[in-house]
Student: 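After the structure tokens below, expect a handful of questions from me.
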Amino acid sequence: QVQLVESGGGLVQAGGSLRLSCAASGRTFSRRAMGWFRQPPGKEREFVATISWSGGITYYADSVKGRFTISRDNAKNTVSLQMNSLKPEDTAVYYCAGRGRDYASSSLNDYTYWGQGTQVTVSS
């Protein structure tokens, strides 16, 4: 099992920045691709960003490309999401997720482990 705990959410004005962190514990972290997903109010959970276990491969949703950056520190068992130029439509609960493979994926169904989520609210 891998336990994931997100932190860093909060309320921010449009144009501002937040940095989300996800701390992993349990089974091996460094050989797992990780991802960030979000669930806006009243909507389905959607892909935001993913990173391979080496950190060399990253993918982003078109809606966040150029504004968000995913990174990881395998020595510290953490994965982060730097969010800049935030927009009201970025308001959602953000989830950290881990999968059993080392290559990145944007598919929600490829992820086995999920955190409890952290709320991000962007005011206009």
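In this chain, residues are counted from 1 in sequence order. Keep in mind the model is a prediction, meaning the values are calculated, not measured.
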Student: Could you work out, with salt bridge (Lys or Arg N to Asp or Glu O under 4.0 Å) as the rule, every residue matching Arg67, not counting sequence neighbours?
Tutor: Asp90
Student: Show me the pairs that pass disulfide (SG to SG under 2.5 Å) and involve residues 32-82, at least two apart or across chains.
Tutor: none
Student: Taking Ala92's backbone N and O only, do any of them form a donor-acceptor pair with Gln39's side chain (distance below 3.5 Å, no angle check)?
Tutor: no
Student: With sequence neighbours left out, write down each residue that passes side chain to side chain contact (heavy atoms under 4.5 Å, CB included) with Ser107, or none if nothing qualifies.
Tutor: Ser105, Asn109, Asp110
Student: Quick one: does Thr118's side chain have a donor or acceptor within less than 3.5 Å of a partner on Tyr94's backbone?
Tutor: no
Student: May I ask you to list the residues sharing a hydrophobic cluster with Tyr95, side-chain cutoff 4.5 Å, ordered by chain and number?
Tutor: Phe37, Phe47, Ile57, Tyr59, Val93, Leu108, Tyr111, Trp114
Student: Quick one: pull up OG in Ser54 and CZ in Arg72 and give me the separation to the nearest 0.5 Å.
Tutor: 8.0 Å
Student: Which residues pass the salt bridge (Lys or Arg N to Asp or Glu O under 4.0 Å) test with Glu46, not counting sequence neighbours?
Tutor: Arg38
Student: Distance check, rounded to the nearest 0.5 Å: Met34 atom CE versus Asn74 atom CG?
Tutor: 9.5 Å
Student: Between SG of Cys96 and CD1 of Ile70, what distance do you get to the nearest 0.5 Å?
Tutor: 8.0 Å
Student: Quick one: hydrophobic cluster around Val5, which other residues, with the 4.5 Å side-chain cut-off, linked directly or via members?
Tutor: none
Student: Can you pull out every disulfide (SG to SG under 2.5 Å) where at least one residue sits in residues 42-90? Sequence neighbours excluded, please.
Tutor: none
Student: Could you work out, with salt bridge (Lys or Arg N to Asp or Glu O under 4.0 Å) as the rule, every residue matching Asp73, not counting sequence neighbours?
Tutor: none
Student: For Thr58 versus Ile51, what's the shortest heavy-atom pair and its separation?
Tutor: CG2-CG1, 3.7 Å
Student: With sequence neighbours left out, what residues match Thr121 under side-chain hydrogen bond (donor to acceptor under 3.5 Å, both in side chains)?
Tutor: Gln119
Student: Please set out all donor-acceptor pairs under 3.5 angstrom arising from side-chain atoms of residues 8-25, sequence neighbours excluded.
Tutor:
{"residue": "Ser17", "atom": "OG", "partner": "Asn84", "partner atom": "OD1", "Å": "2.9"}
{"residue": "Arg19", "atom": "NH1", "partner": "Gln82", "partner atom": "OE1", "Å": "3.2"}

Student: Could you list all the disulfide (SG to SG under 2.5 Å) pairs where at least one residue sits in residues 42-86, not counting sequence neighbours?
Tutor: none
Student: Looking at residues at least two apart in the chain, or sitting in another chain, which of them share a side chain to side chain contact (heavy atoms under 4.5 Å, CB included) with Lys65?
Tutor: Tyr60, Asp62
Student: Closest heavy-atom contact between Leu81 and Ala49?
Tutor: CD1-CB, 4.2 Å
